[in-house]
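What follows is a single structure, written as structure tokens, with notes after it.
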Amino acid sequence: MLKTLSLMLAKAKEEWDQELVDKQAEKERYLSERITPLHTSGLSLSQLQDLCRELHAKVEIVDEERYDIEAKCNHNTREIKDLKLKVLDLRGKFKRPPLRRVRVSADAMLRALLGSKHKVSMDLRANLKSVKKEDTEKERPVEVGDWRKNVEAMSGMEGRKKMFDAAKSPTGQ
């Protein structure tokens with residue numbers, strides 16, 4: 001398994017190197033076709049100036065072409081981005097804004113959902129279970145006592161001393 005993997009990597013490296021060599025050869029061939037060698041030796045001043053003007057004109061033409069291609073590329077990039085957004089919108093995978101709470105009655109909601117078919121008003125409170133007050137009072141036992149005795153016993157220093165003694169006496173003995 002490891003040997004197979006190493007052979008595959010070696011073959012991929014060979015192909016990569018061959019591809020780099022082919023690209024370099026193609027570049028050199030293309031440049032030799034497009035660019036003529038420049039001979040400036042033995043030219044007079046006026047001939048050198050003409051050569052400079054000619055080269056400057058070629059540079060301007062190439063620069064204009066580069067600018068046009070760059071503008072087309074930017075335009076295509078924007079168009080691709082817009083089309084991607086349209087595709088996302090059509091798929092429905094876009095970020096939904098947070099929804100706000102709206103108070104709507106049950107009747108209004110049914111009218112909105114069912115339209116003109118909804119004629120019965122719905123009273124949601126009619127279906128609630130009714131609880132009688134008598135039942136709740138019977139369930140809760142009420143302790144009746146004189147609350148004043150308890151307050152008087154606990155007020156002042158005597159009450160606090162009684163509480164302190166009560167807390168201390170079971171552990172102290």
Side-chain angles (χ1 to χ4, degrees), residues 1-137 139-140 167:
M1 180 69 180
L2 203 56
K3 186 175 182 181
T4 308
L5 185 60
S6 64
L7 288 174
M8 287 174 56
L9 286 174
K11 181 68 174 168
K13 185 176 180 346
E14 288 175 14
E15 289 179 6
W16 176 264
D17 292 339
Q18 184 61 37
E19 189 176 321
L20 289 176
V21 169
D22 291 344
K23 281 185 181 181
Q24 186 66 26
E26 178 68 23
K27 182 179 177 181
E28 288 175 7
R29 184 191 60 77
Y30 179 78
L31 289 176
S32 66
E33 288 176 4
R34 299 280 290 180
I35 298 173
T36 57
L38 194 62
H39 300 290
T40 57
S41 60
L43 295 176
S44 67
L45 183 61
S46 62
Q47 289 174 336
L48 284 174
Q49 288 176 343
D50 290 340
L51 182 63
C52 285
R53 285 189 195 104
E54 184 182 322
L55 290 175
H56 187 61
K58 286 183 181 180
V59 167
E60 283 181 357
I61 291 170
V62 169
D63 201 32
E64 286 176 7
E65 288 177 2
R66 182 191 57 82
Y67 178 78
D68 291 341
I69 291 172
E70 190 176 322
K72 284 181 185 178
C73 183
N74 287 337
H75 175 73
N76 289 342
T77 304
R78 267 187 261 115
E79 191 174 339
I80 288 171
K81 191 183 290 185
D82 292 341
L83 290 173
K84 282 183 180 179
L85 286 174
K86 284 183 182 179
V87 167
L88 286 176
D89 286 346
L90 290 175
R91 279 191 200 160
K93 294 197 176 198
F94 54 92
K95 208 170 194 178
R96 291 190 175 123
L99 302 176
R100 296 186 202 141
R101 282 191 186 261
V102 179
R103 290 186 180 249
V104 179
S105 68
D107 293 331
M109 194 180 308
L110 286 173
R111 257 186 259 115
L113 292 173
L114 301 176
S116 62
K117 296 178 186 175
H118 175 67
K119 293 181 181 176
V120 179
S121 67
M122 177 181 271
D123 186 17
L124 296 175
R125 293 182 183 178
N127 296 332
L128 294 176
K129 180 181 175 184
S130 61
V131 178
K132 297 179 183 177
K133 285 188 177 181
E134 298 165 4
D135 294 342
T136 57
E137 290 175 3
E139 291 174 10
R140 200 176 341 141

field: N/O donor-acceptor pair under 3.5 Å between Gln47 side chain and Ser44 backbone
entry: yes
- prompt: Hey, what do you get for CZ (Arg66) to CD1 (Ile61), rounding to the nearest 0.5 Å?
  reply: 14.5 Å
- prompt: Hey, what do you get for CZ (Arg53) to NE2 (His56), rounding to the nearest 0.5 Å?
  reply: 10.5 Å
Throw together a table of side-chain donor-acceptor distances under 3.5 angstrom for residues 76-88, partners on residues two or more places apart or in other chains.
{"from": "Asn76", "atom 1": "ND2", "to": "Lys72", "atom 2": "O", "distance (Å)": "3.4"}
{"from": "Thr77", "atom 1": "OG1", "to": "Cys73", "atom 2": "O", "distance (Å)": "2.7"}

field: Heavy-atom neighbours of Arg29 CZ exceed 12 at 6.0 Å
entry: yes
Ignoring hydrogens and angles, write down the donor-acceptor pairs under 3.5 Å from the side chains of residues 4-12, residues two or more places apart or on other chains.
{"from": "Ser6", "atom 1": "OG", "to": "Leu2", "atom 2": "O", "distance (Å)": "3.4"}
{"from": "Ser6", "atom 1": "OG", "to": "Lys3", "atom 2": "O", "distance (Å)": "2.8"}

message: Does either side chain, that of Glu70 or that of Asn74, offer a donor lying less than 3.5 Å from an acceptor on the other one?
response: no
- request: Flag the pair Lys27 / Lys23 as yes when at least one side-chain heavy-atom distance between them is below 4.5 Å, and no otherwise.
  value: no
query: Do Leu43 and Asp50 have side chains that get closer than 4.5 Å, going by heavy atoms?
result: no
